[in-house]
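One structure is given here, and the rest of the page talks about it.
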Amino acid sequence: MMRRWTTWMLRHRALVIIAWVLIAAAGGVLAPRTVEALRYEFALPGQPAYEANQRITAATGGGGAVDPLVLVARPRQAGPAAREAFETQVARVTAAAPGSRVLTPAGASELASPDGEVLVALVYPHVLPGPEPYAAALPALEAAAAQADVGGRPLTVTGTTVLEETSGGGRRGVLVEVVLGGLGALIVLAAVFGSLLAAVPLLVAVVSILATFLCLLGLTALTDVSFVVQYLVALIGLGVAIDYSLLIVMRWREQRAGGLDSTAAVVSAMATAGRSVVLSGVTVAVSLAALVLVPLPFLRSIGLGGLLIPLLSVATATTLVPVVLATAGERLQWPRRRITDPSSRAWRRIATVAVRHPALVALASTLLLLALAAPLLGLRLGSPRLDAYDASTPAGVATAQLTASGISPGVLRPTEVLLPPARAADAVARFAALPGVAAAVAPTSAGWRTPAGQLIQVWTGEDPATATSRTAVRTVRDVAATIPGAEVGGHPAEDADFVTAVYNDAPLVVLGIVVVTFLLLARALRSLWLPIKALLLNVVSIAAAYGITVLIWQDGVGSDLIFGTPASGAITIWVPIAVFAFLFGLSMDYEVFILSRMREAYDEHGSTPLAVIDGIARTGRLVTSAALILFLAFVALSTVPAVEVKILATALALGIAIDALIVRALLAPALVVLLGRLNWSLPRPLALVLRLPPEPSPRPPSTAAREAPDEASPSS
């Protein structure tokens, strides 16, 4: 089939080139419109806290899941005069954001420190859709606060929204990350080819990314698509498209080294490497399509947008690459025109070690991966701790002063309860008495009593991201469930529902990915145990990536040194499931490349040890180069200011590195040797299910195979 497809492509070269030029041009012109159509909401339809927050926002114009802005004053001299000045200045400043809900120490004494040296006001302006909910109100409030005078000092505006923006350095377009990733890829490709051939995978990647953005625009017309998808399309698309193109180009060079002319080498490369590319792309797409099973628009959009990446990468790699190679491949080998055997001596030596000592290599690799995965046992999901933000900014300094003064950190991320006004007094007393709760208040000022009910503020005694505070929020929700008409909202409560919504269906997502991937690999490799081994290794590899991510971001081991960012104290809720979907498919790319080559070698001479050595020797350099390109793309992704994207990029980069250097280079070959002939067997019932023809009779081992280490010998 691939031979017929390639032959047709080569007969219609002009049509192929014109079609991709037009698609890429349209994608480039419309890319800004695609970015504008992306959404920044994290909707949780059907979840109690989300629905409560929607009602709170509809009734008041703000609040709910969006934390308040916080005005902080530190007068030179505490006392009644300072408090009176603070109340006056807060009223003047908040007039810059008409319609805001405001709460000051006059309405809640807990907003003043015990010594009176720090005074705080909570401000809930109207929110706007988009990446910056306070884009309209915040600049006006900051300008007014800078002109205020409370005891000889101005007011400082802080809050989690301000901390996120100032710590991250603001948002920026995806172009910067693409340029960084592209430069890294170009360096690697130049080292691999030493000729103009290095430009082919990069050219294909550019076309693939622009085509994906064009398709993404169509997807935004059908459903909401998360802003995260633009980074995934640009950088994962860059890496995947280059990987697929690199595989075909390397196989074409190998066929040329074997004596085939350029066109025949293209057809032969597509029959082998092209088939692996199609299988890899379908596997990645299946992994991402499984996210559609999660009942969250945000993650569904990542799944739908993400599966466009491998599909468009496969489309460009299997059409544009053969046309370019057949048309200009020979000229593009300048200045390194000499075609050499792509087999790597270094990787052959590494494979030989795995063949001669498979049990030792497998044991050592497994123990290392388990050690790397160990921090995963302490995983905490949620929003970052308050001390994770940059403490050197004015907002960070004000937050540190607030928390050090004795005022509850919970005021920066309150839990809001909406309930009938007649029940407010009793509810406040019950909430305030709960363990872990610092205070509960029912403000009487404008905006707090609405047609939907009375709003109550509940502040935890510790940072809302801590385990103690999460337990306190659960207790608040339990008590609220006994009060007729009460609904609990706010950021902490919605975080808890986010975890439930994502991970209640996680087993279904994982099962869907595993089953479909197993069937695809079993059919492609004509084996039962090779797919099972690949699936198990993927799980271990991803667990190790999770473990190091937890160590860096949650526990803070190296986060400041590597990223210049304090530890988050928690892993963003949606990151683990998204990482699993992406890494599962991307890691399987390398598995398919390597195992397909091993299968070819085994079919040729019938020796498992020699098949392992041949497969690693011929794919080790390719897999390492491809993994390095993807790794650099994820490094570029980690420069995005948003903390959640940094955590995602860290996990993806670590997963690719671990998979390429430990799993596929050492553990996988060792296990293939240990399984011996079981690798190549497929039970007849499964073969019938997969509609495969009967397995041919084993070919007698060749002379080279007989000279290879015996797969049954003690040394192997």
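For reference, positions follow the sequence shown, starting with 1.
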Mind checking side chain to side chain contact (heavy atoms under 4.5 Å, CB included) for Asp560 and listing every partner two or more places apart, or none if nothing turns up? none

Could you pull out all residues at least two apart from Arg13 that satisfy side-chain hydrogen bond (donor to acceptor under 3.5 Å, both in side chains)? Thr327

Is there a side-chain contact between Phe193 and Val200 in this structure, where contact means two heavy atoms from C-beta onward sitting under 4.5 Å apart? no

Rounded at 0.5 Å granularity, tell me how far CG in Leu632 sits from CD1 in Ile187. 8.0 Å

pair Ile513-Val286: side-chain heavy atoms closer than 4.5 Å: no

Interatomic spacing from CG in Leu202 to CG in Leu186 - rounded to 0.5 Å: 6.0 Å

So CG of Leu247 and CG of Leu622: to nearest 0.5 Å the spacing works out to 5.5 Å

All N/O donor-acceptor pairs, side-chain side in residues 541-550, below 3.5 Å, sequence neighbours left out:
residue	atom	partner	partner atom	Å
Tyr546	OH	Pro576	O	2.4
Tyr546	OH	Phe580	N	3.4
Thr549	OG1	Ala545	O	2.8

Under 3.5 Å, side chain of Ser245 to main-chain N/O of Ala241, donor-acceptor pair present? yes

For the pair Asp614 and Arg348, evaluate salt bridge (charged side-chain N to carboxylate O under 4.0 Å, His left out) and give the outcome as yes or no after the intermediate values. CA-CA 7 Å; Asp614 286 348; Arg348 184 174 293 276; 3.5 Å; yes

The criterion is side chain to side chain contact (heavy atoms under 4.5 Å, CB included); which residues satisfy it with Ala657, sequence neighbours excluded? Phe631

Using modelled atom types only, decide if a donor and an acceptor are shared between the side chain of Ser681 and the backbone of Leu678 within a distance under 3.5 Å. yes

Arg621 and Glu254 ion-paired at < 4.0 Å: no

With distance as the sole test, does Asp261 use its side chain to make a donor-acceptor pair with the main-chain N or O of Thr263 at under 3.5 Å? yes

Euclidean distance, Leu674 CG relative to Asn679 CG, rounded to 0.5 Å: 9.5 Å

Determine yes or no for a side-chain-to-main-chain donor-acceptor pair under 3.5 angstrom, with Trp553 supplying the side chain and Ser559 the backbone. no

Tell me, do Ile242 and Leu630 make a side-chain contact under 4.5 Å, heavy atoms counted? no

To the nearest 0.5 Å, how far apart are CG in Asn538 and OG1 in Thr517? 8.5 Å

Heavy-atom check, side chain of Leu528 versus side chain of Phe518, under 4.5 Å: yes

Under the salt bridge (charged side-chain N to carboxylate O under 4.0 Å, His left out) rule, what pairs show up with a residue in residues 647-660, not counting sequence neighbours? Asp659-Arg664

Below 4.5 Å, heavy atoms only, C-beta onward: do Arg618 and Trp347 meet side chain to side chain? no

Do Trp680 and Met598 come close enough that some side-chain heavy atom pair is under 4.5 Å? yes

Heavy atoms, side chains only, cut-off 4.5 Å: are Val510 and Val539 in contact? no

Under the side-chain hydrogen bond (donor to acceptor under 3.5 Å, both in side chains) rule, what pairs show up with a residue in residues 1-12, not counting sequence neighbours? none

So do the side chains of Phe582 and Ile302 get within less than 4.5 Å of each other, counting heavy atoms only? yes

Among Gln255, Arg251, Arg256, find the residue that satisfies the side-chain hydrogen bond (donor to acceptor under 3.5 Å, both in side chains) test when tested with Ser268. Gln255

Could you report the tightest heavy-atom contact between Val240 and Pro310, atom names first, then the distance? CG1-CA, 4.4 Å

Measuring from Leu595:CG to Ser276:OG, what's the distance to the nearest 0.5 Å? 10.0 Å

Assign the ring pair Phe593 / Tyr244 to parallel, tilted or perpendicular, where the plane angle (0 to 90°) is split at 30° and 60°. perpendicular

